[in-house]
Protein chains: 2
Amino acid sequence: MAASEAPLVLVVEDEPAQREVLGYNLEAEGFRVAKAENGEEALLLVDEESPDLIVLDWMLPSVSGVEVCRRLKSRADTRAVPIIMLSARSEEVDRVRGLETGADDYVVKPYSIVELMARVRAQLRRVRPSSVGETLEFGDIRLDAESHRVYRGDHTLKLGPTEFRLLATFMEKPGRVWSREQLLDRVWGRDIYVDTRTVDVHIGRLRKALCQHGGEDPVRTVRGAGYALG
Amino acid sequence: MAASEAPLVLVVEDEPAQREVLGYNLEAEGFRVAKAENGEEALLLVDEESPDLIVLDWMLPSVSGVEVCRRLKSRADTRAVPIIMLSARSEEVDRVRGLETGADDYVVKPYSIVELMARVRAQLRRVRPSSVGETLEFGDIRLDAESHRVYRGDHTLKLGPTEFRLLATFMEKPGRVWSREQLLDRVWGRDIYVDTRTVDVHIGRLRKALCQHGGEDPVRTVRGAGYALG
DNA sequence: GGGTTTTGCGACGTTTGTGTAACAGTTCAA
DNA sequence: TTGAACTGTTACACAAACGTCGCAAAACCC
């Protein structure tokens, strides 16, 4: 287990671009990051660096992600380190097998960064409860990432998955204006093509959800630019 | 910032042929050129040469382009240097991520040289020594780019998209006189055809917006030349 | 497998912003 | 002082941007 500074996340991914993107986002979230591009390197780094969490690609050259996972989970000293598995949609059939090898969570590509970060925090909280308390607040709105619940005042709000991720994105940086493209990228995921106007519809749904028990509309439309919270 | 001769462009590209082609074309356009073939060299040259603009390949050995970009954009003394990212088509999905790391523009390979040169010129045209921070200030006017908000004194001003961009342009270089053509180019875009008198109308609208809660008119008309702030 | 929820999109109405022309006011030089 | 060039202002037709509704397909959940 790493020292009591920022949690160290080990990213194991053979595709360089994806590795960089993951690293960048994790660092932006305040984590320290170590990177490995194959199974051997990953196993070495686990011994050398003692990461607090591992993000592990399913498909890797030579020693596969599954194998890495299996080995770590059979060692007493590494068994407790949370592992989040990544896999392409076509490999989804192996979901059960992925969890069976001992992975703690499992994310299908293409994934939304917001969602992945939420899962990373959730896993870390399980192991290091103090370091990552994750409830976002803005005005009378409270968002609890772990339980996937949103409160406004005394009421619990009911919102769909996409609305939740939208709101989570907004609440990460209240006031910041997000373009439709940026929202599509963060909330929907990067490899997905949907019309930008779809964002408008979901903004509408989010607004309705946020005001279902009354209160002001906290979502601001910035003409020609995008949307923001507050 | 380099001397007041021709702008210096730093090309960072590991592939020698591409590096030469870029260098050749940039020199043909009248720029001075510095070349680096990896991230370390790039970071060194930035310190030694203070380039006015950087053309940066996304994928580089050891220190990646993303990493170089991130580092430069997190340093106060280099944050204002425009960075144009190059990436292969297969990495295109990471476009938004690329911009999020702080790159000012983004070009996908294979690109047309003409287009790239246009973008280089465009970026250089808007180099702005004064505006390093996220919020621009002039007198009692405050413009926050991230939240797209403009304040004057205690009041929040309401202005349309074009007025916002106009004001942002002015505030990047307070006192500088902009011709109608320059404003059309920066605020409206390079490929748009509109009458130059349209600028006058929008200047009028901006003035009204800036004075909607009283106060002096901060926009100065320079007869025969254009407009300026202060 | 059947019922429910969620999702993306087209369509339509509404709001807001935009470009232009026309005219009024201003400046400057001869 | 006068006229020509330049700028300020207003009105208006038009276009673009946005909000919302309903539907069909997909995903989800027993």
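Quantities reported herein were computed from a predicted structural model and do not represent experimental measurements. Chain identifiers are assigned alphabetically (A, B, ...) following the order of the sequence lines, protein sequences preceding nucleic acid strands; residue numbering begins at 1 within each chain.
Taking the screw axis at each terminus of the helix from C:dG1-D:dC30 to C:dA30-D:dT1 from five consecutive base pairs, the angle between the two is 40° to within rounding of 10 degrees.
In this structure, B:Arg180 atom CZ and C:dT20 atom C1' are separated by 15 Å, rounded to whole Å. Between the C1' atom of C:dG19 and the CG atom of B:Leu183 lies a distance of 16 Å, rounded to the nearest Å. For the pair B:Arg197 CZ and D:dC6 P, the interatomic distance rounds to 11 Å; values are reported in whole Å. Rounded to an integer number of Å, the gap from OH of A:Tyr193 to P of C:dG8 is 12 Å. Across the protein-nucleic acid pair, B:Leu159 atom CG and C:dG17 atom C1' stand 13 Å apart, rounded to whole Å. If you measure from atom CG of B:Leu184 to atom C1' of C:dT20, you get 14 Å, rounded to the nearest angstrom. Per the geometry, CG belonging to A:Asp200 stands 18 Å off P belonging to C:dT14, to the nearest Å.
With sequence neighbours left out, B:Ser147 forms a side-chain hydrogen bond (donor to acceptor under 3.5 Å, both in side chains) with B:Asp144. Residues satisfying the side-chain contact (heavy atoms from CB on, under 4.5 Å) criterion with A:Pro161, sequence neighbours excluded, are A:Arg165. Applying the side-chain hydrogen bond (donor to acceptor under 3.5 Å, both in side chains) test to B:Lys208 and every residue at least two apart in sequence or in another chain returns nothing. Residues forming a side-chain contact (heavy atoms from CB on, under 4.5 Å) with A:Ser179 (at least two apart in sequence, or on another chain): A:Glu181, A:Gln182. By the side-chain hydrogen bond (donor to acceptor under 3.5 Å, both in side chains) test, A:Thr221 pairs with A:Arg207, sequence neighbours left out. Here A:Asp140 pairs with A:Arg152 under the side-chain contact (heavy atoms from CB on, under 4.5 Å) rule; sequence neighbours left out. By the side-chain contact (heavy atoms from CB on, under 4.5 Å) test, B:His155 pairs with B:His213, sequence neighbours left out.
Here A:Trp188 reaches the OP1 or OP2 of C:dG8: one of its side-chain N or O atoms lies under 4.0 Å away.
Residues B:Arg165 and A:Thr196 each lie close to DNA chain C; by heavy-atom proximity, the contact nearer the 5' end of the strand is made by A:Thr196.
In terms of modelled atom types and a separation under 3.5 Å, the side chain of B:Arg142 and the main chain of B:Tyr151 share no donor-acceptor contact.
The side chain of B:Thr162 sits closest to C:dT18 out of C:dG19, C:dG8, C:dT18.
Across residues 202-230 of chain A, A:His202, A:Arg205, A:Arg223 each have a non-hydrogen atom less than 4.0 Å from an atom of DNA chain C (numbered order).
Of the residues listed (A:Ile203, A:Asp200, A:Thr198), the one engaging A:Arg180 in a side-chain contact (heavy atoms from CB on, under 4.5 Å) is A:Asp200, and it is the only one.
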